[in-house]
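Side chains are part of it too, since the values below use all heavy atoms of this structure and drop only hydrogens, waters and symmetry mates.
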Amino acid sequence: MRTLKEKQNISEVYFLDYFNNLIEGKKQRCSEIVKELLSQKTDIKDVYTDLYQRSLYRVGKMWDEGSLTVAEEHAASQITLELITSIKPKKSGKNKSVKKAIISCIDKEHHEIGALMVSNIFEFNGWDTKFLGASVPSKDLLKLIKSFKPELVGLSFNLYLNLLRLLNVIEHIRKFFPEQKIVIGGQAARLEKDNILKQFPDILYFDSLHELDSFIKNN
């Protein structure tokens, strides 16, 4: 199991160069760093975890401490979102899986970057994936589950205040689709996973994108 506290696979020199340019809003330099890493055959999951996720956690901490403005925090998030969207490796042609997944943020959850990275991991492994983005009402999610019939539904949960919304949407999915496989993720999920899993022991949770990737490849 690999967590953010463990040794990073991308060197601190690269991370600091990326992070300093990110908080200064220098998108071009951030893009150059990512392209350089990918040209060195760096695993995209390491880029996601050791650059994007790690830097945004630090940005959030700095904003919480008052050392970054809302505008600077939004700019860093937008740069990251654009990099994820624009710099994507091609899907492997080896896996012709017809498995389907829905990846969505719960209602009132507006932080969608982590969910997008999860969606991409499924796509890289050949899944037919629908990424719904931020703040999706439960009733609309349920309608899509009924029509799309995915093997797996991923729910992103980053703000602790949305815990009851997460529990409610899981209960609704269980009511109408009792066999539906569900995975949860996000910063708040990391903190609340033990409580959530006590109520829903069949829910899946992964500490890292590497762990998720291994699960997908073995299932």
* Do the side chains of Leu132 and Val153 join up, straight or via other hydrophobic residues, at under 4.5 Å, putting them in one cluster? -> yes
* Under the side chain to side chain contact (heavy atoms under 4.5 Å, CB included) criterion, do Phe200 and Ile182 qualify, and how do the steps go? -> CA-CA 10 Å; Phe200 301 99; Ile182 302 172; over 6 Å; no
* Structure fact -> The complete set of salt bridge (Lys or Arg N to Asp or Glu O under 4.0 Å) pairs with one or both residues in residues 164-181, sequence neighbours excluded, reads Arg174-Asp202
* Trp127-Ile102 co-clustered via ILVMFWY side chain contacts under 4.5 Å -> no
* Enumerate the residue pairs fulfilling salt bridge (Lys or Arg N to Asp or Glu O under 4.0 Å) with a member in residues 13-39, sequence neighbours excluded, ordered by first and then second residue. => Asp17-Arg29, Glu24-Lys26, Lys27-Glu82, Arg29-Glu32
* Answer yes or no: is there a side-chain heavy-atom contact under 4.5 Å between Asn168 and Ser138? => no
* To do: Write out all pairs satisfying salt bridge (Lys or Arg N to Asp or Glu O under 4.0 Å) with one or both partners inside residues 136-151, taking only residues at least two apart or from two chains.
  => none
* **Check against side chain to side chain contact (heavy atoms under 4.5 Å, CB included), Leu142 and Val169** => CA-CA 9 Å; Leu142 292 170; Val169 71; 5.8 Å; no
* Asked: Taking only residues at least two apart or on different chains, which pairs with a member in residues 9-43 satisfy ring-ring contact (aromatic ring centres under 6.0 Å, His included)?
  -> Phe15-Phe19
List, one per line, each side-chain donor-acceptor pair under 3.5 Å for residues 106-116, sequence neighbours excluded.
| residue | atom | partner | partner atom | Å |
| --- | --- | --- | --- | --- |
| Asp107 | OD1 | Ser135 | OG | 3.3 |
| Glu109 | OE1 | Asn158 | N | 2.9 |
| Glu109 | OE1 | Leu159 | N | 3.1 |
| Glu109 | OE1 | Asn162 | ND2 | 3.4 |
| Glu109 | OE2 | His111 | N | 3.4 |
| Glu109 | OE2 | His111 | ND1 | 3.3 |
| Glu112 | OE1 | Ala134 | N | 3.1 |

* Asked: What are the two closest heavy atoms between Ile184 and Tyr205, and how far apart are they?
  -> O-CD1, 3.4 Å
* **Pairing residues for Lys193 by the salt bridge (Lys or Arg N to Asp or Glu O under 4.0 Å) criterion, not counting sequence neighbours** => none
* **side chain to side chain contact (heavy atoms under 4.5 Å, CB included) between Asp207 and Arg190, worked out** => CA-CA 7 Å; Asp207 277 316; Arg190 181 185 295 269; 4.2 Å; yes
* Polar side-chain atom of Ser55 near backbone of Leu51 as donor-acceptor pair, under 3.5 Å -> yes
* To do: Answer yes or no: is there a side-chain heavy-atom contact under 4.5 Å between Asp43 and Tyr48?
  => no
* To do: Drop me the distance from Glu211's CD to Ile121's CD1, to the nearest 0.5 angstrom.
  => 13.0 Å
* Asked: At what distance, to the nearest 0.5 angstrom, does NZ of Lys198 lie from CD1 of Ile196?
  -> 12.0 Å
* Do any pairs count as a salt bridge (Lys or Arg N to Asp or Glu O under 4.0 Å) and have a residue in residues 57-71, sequence neighbours left out, and if so which ones? -> Lys61-Glu65
* Pairwise distance CG(Leu152) to CZ(Phe215) - rounded to 0.5 angstrom -> 6.0 Å
* To do: Scan residues 128-181 for pairs that pass ring-ring contact (aromatic ring centres under 6.0 Å, His included), counting only residues two or more places apart or in two chains.
  => none
* Take Glu12 and Arg54 through the test salt bridge (Lys or Arg N to Asp or Glu O under 4.0 Å) and record every step on the way to the result. => CA-CA 11 Å; Glu12 195 72 4; Arg54 186 184 175 198; 3.1 Å; yes
* Thr49 side chain to Asp46 backbone, donor-acceptor under 3.5 Å -> no
Taking only distance into account, with no hydrogens and no angle test, what donor-acceptor pairs under 3.5 Å do side-chain atoms of residues 68-77 form with protein atoms, sequence neighbours excluded?
| residue | atom | partner | partner atom | Å |
| --- | --- | --- | --- | --- |
| Thr69 | OG1 | Ala71 | N | 3.4 |
| Thr69 | OG1 | Glu72 | N | 3.0 |
| Thr69 | OG1 | Glu72 | OE1 | 3.4 |
| Glu72 | OE1 | Thr69 | N | 2.9 |
| Glu73 | OE2 | Ser77 | OG | 3.4 |
| Ser77 | OG | Glu73 | O | 3.1 |

* **Backbone of Ser104 reached by a side-chain donor or acceptor of Ser156 within 3.5 Å** => no
* Out of curiosity, Leu22 CG to Leu16 CG, how far, rounded to the nearest 0.5 Å? -> 12.5 Å
* Lys217: what forms a salt bridge (Lys or Arg N to Asp or Glu O under 4.0 Å) with it, not counting sequence neighbours? -> Asp213
* Identify whether Leu56 and Ile33 are in the same connected component of the hydrophobic contact network (ILVMFWY, side-chain heavy atoms under 4.5 Å). => yes
* **Interatomic spacing from CG in Asp50 to CG in Asn9 - rounded to 0.5 Å** => 5.5 Å
* Asked: Of all residues at least two apart in sequence or in a different chain, which pass the side-chain hydrogen bond (donor to acceptor under 3.5 Å, both in side chains) check with Glu192?
  -> Asn195
* To do: Flag yes if Val47 and Val118 sit in one hydrophobic cluster, no otherwise; membership is Ile, Leu, Val, Met, Phe, Trp, Tyr, and two members link when side-chain heavy atoms are under 4.5 Å apart.
  => yes
* To do: Show your working on side chain to side chain contact (heavy atoms under 4.5 Å, CB included) between Leu155 and Ile173 and close with a plain yes or no.
  => CA-CA 11 Å; Leu155 302 173; Ile173 294 173; 4.3 Å; yes
* From Leu163 CG over to Leu167 CG, what is the distance, rounded to the nearest 0.5 angstrom? -> 4.5 Å
* Taking a hydrophobic cluster as the set of Ile, Leu, Val, Met, Phe, Trp and Tyr residues connected by side-chain heavy atoms closer than 4.5 Å, whether directly or through intermediates, do Leu197 and Val183 fall within one such cluster? -> no
* Asked: Does Ser214 have any side-chain contact (heavy atoms from CB on, under 4.5 Å) partners at least two apart in sequence or in another chain, and if so, which?
  -> Asn218
